[in-house]
2 protein chains.
Amino acid sequence: MSLRHALLGLLVDRSASGYDLLKLFNTSLANVWPATQSQLYTELNKLAEAGLIAVAAEGPRGRKQYALTDEGLAELRHWLTETEPQHQGRSEVLLRVFFLGVVSHERAREYLADLSTLFAEESADLRELERSIDWEDGDLAVYGRIALEYGLRFNAMRQEWADWAIQQIK
Amino acid sequence: MSLRHALLGLLVDRSASGYDLLKLFNTSLANVWPATQSQLYTELNKLAEAGLIAVAAEGPRGRKQYALTDEGLAELRHWLTETEPQHQGRSEVLLRVFFLGVVSHERAREYLADLSTLFAEESADLRELERSIDWEDGDLAVYGRIALEYGLRFNAMRQEWADWAIQQIK
DNA sequence: CTCCTCATGTAATCCGTTACATGATTCC
DNA sequence: GGAATCATGTAACGGATTACATGAGGAG
């Protein structure tokens, strides 16, 4: 049930249409909480029905500009402060590691080396993203940077781990 | 479609019943790919129907001991070597960080401090798990340790990040 | 004989993905 | 007038979660 709160969160600063939100998603939350167009529009209708957001203005081509309601902001705060984050990690990458015993040592090292490269690339992408963002001052700048720093440290850690793991085989 | 392969993987070393597999899951793969009892039994029936596993023996109380078939092992190898791992991370914890701007700086620091504690506890749990496992020699020992090391490094990184992030606010 | 563990299943619901479907407006 | 972009939706399907449901066998 987090897409719901992601959308509420994006609407705190500015009102926006589904189309706008989709683009925002793909450029900011995509790494943290991917969502498809279909899912997003469906969720917006549910949120409007629940009174957490409301259509503030309509535009051309049936465009609906949504704004956060007081109930919506309250719900977002409630979620942030009074509910526990679920943190069951699912990692297909790691699941595969468990079963590398069924392929040759060579093949296993190859798998880990590919991972190392992948993580390096992701690091580079994030550094590129960091440069491309217009970091205005404000909350979003502070917390956006903190989230990005997480990504950088995460990928660095994973790359070091993969390189270390290669040494452990045989 | 990874639960499928997780089950195949667990059946490589030994045949087992759904009940056995469920316990195995909860003590080894739970951190990497959680699955519920319901899901597991459903998937086992699908796997049997697809011919990737077969009932090797039946026991009391309707117990069905499943064993991997040749097709099952082939499918597992295919998955490991010829398909790309999906790695879209979803992190509710990070999603919340993005929106910490809607609560006070104090509350935000509190949130991050709680995370730091949580990560420390998870590290401790993993170290406990490491001690409790009977590390026989063999593939599973090597790759199980590699997966566990990932968890240890991951939690250490996250704890350092959370502590760093607290300093960034205000 | 009673309780605990073993053991398997089904149903309802929700979330996410893929694909399909449609049409208005703007720009050239 | 044609293409690109803006803009919203629905349907089908599959995977995951929760809850419900049942019963056999072993231990004391």
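In what follows, chains carry the letters A, B, and so on, assigned in the order in which the sequence lines appear, proteins first and then strands, with residues in each chain numbered from 1.
With hydrogens and angles left out, the side chain of A:S38 and the base of D:dT10 share a donor-acceptor pair within 3.5 Å.
No contact: B:R4 has no heavy atom under 4.0 Å from any strand. Nucleic acid contact class of B:E43 (heavy atoms, under 4.0 Å, all strands): none.
The listed nucleotides are C:dT8, D:dA7, C:dT17; the one nearest the side chain of A:Q39 is C:dT17. The side chain of A:Y19 has D:dT8 as its nearest neighbour among C:dG9, C:dG16, D:dT8. When the nucleotides D:dA7, D:dG9, C:dT17 are ranked by their closest atom to the side chain of A:R61, D:dA7 comes out on top. Taking every side-chain heavy atom of B:K46 into account, D:dG15 is the closest of C:dG9, D:dG15, C:dT26. The listed nucleotides are D:dT17, C:dT17, D:dG9; the one nearest the side chain of B:T36 is D:dT17. Residue A:D20 has its side chain nearest to D:dA7 when only D:dA7, D:dT8, D:dA16 are considered.
Residues A:T83 and B:R96 have side chains that bring a donor and an acceptor to within less than 3.5 angstrom of each other.
Open room surrounds CD on B:E106; 12 or fewer heavy atoms of other groups in view lie less than 6.0 Å from it.
Looking at every heavy atom in both residues, A:L40 comes nearest to A:G18 through CD2-O, 3.6 Å.
Under 4.0 angstrom from either OP1 or OP2 of D:dG9 there lies no side-chain N or O belonging to A:R63.
The shortest distance between side-chain heavy atoms of A:Y143 and B:V102 does not fall below 4.5 Å.
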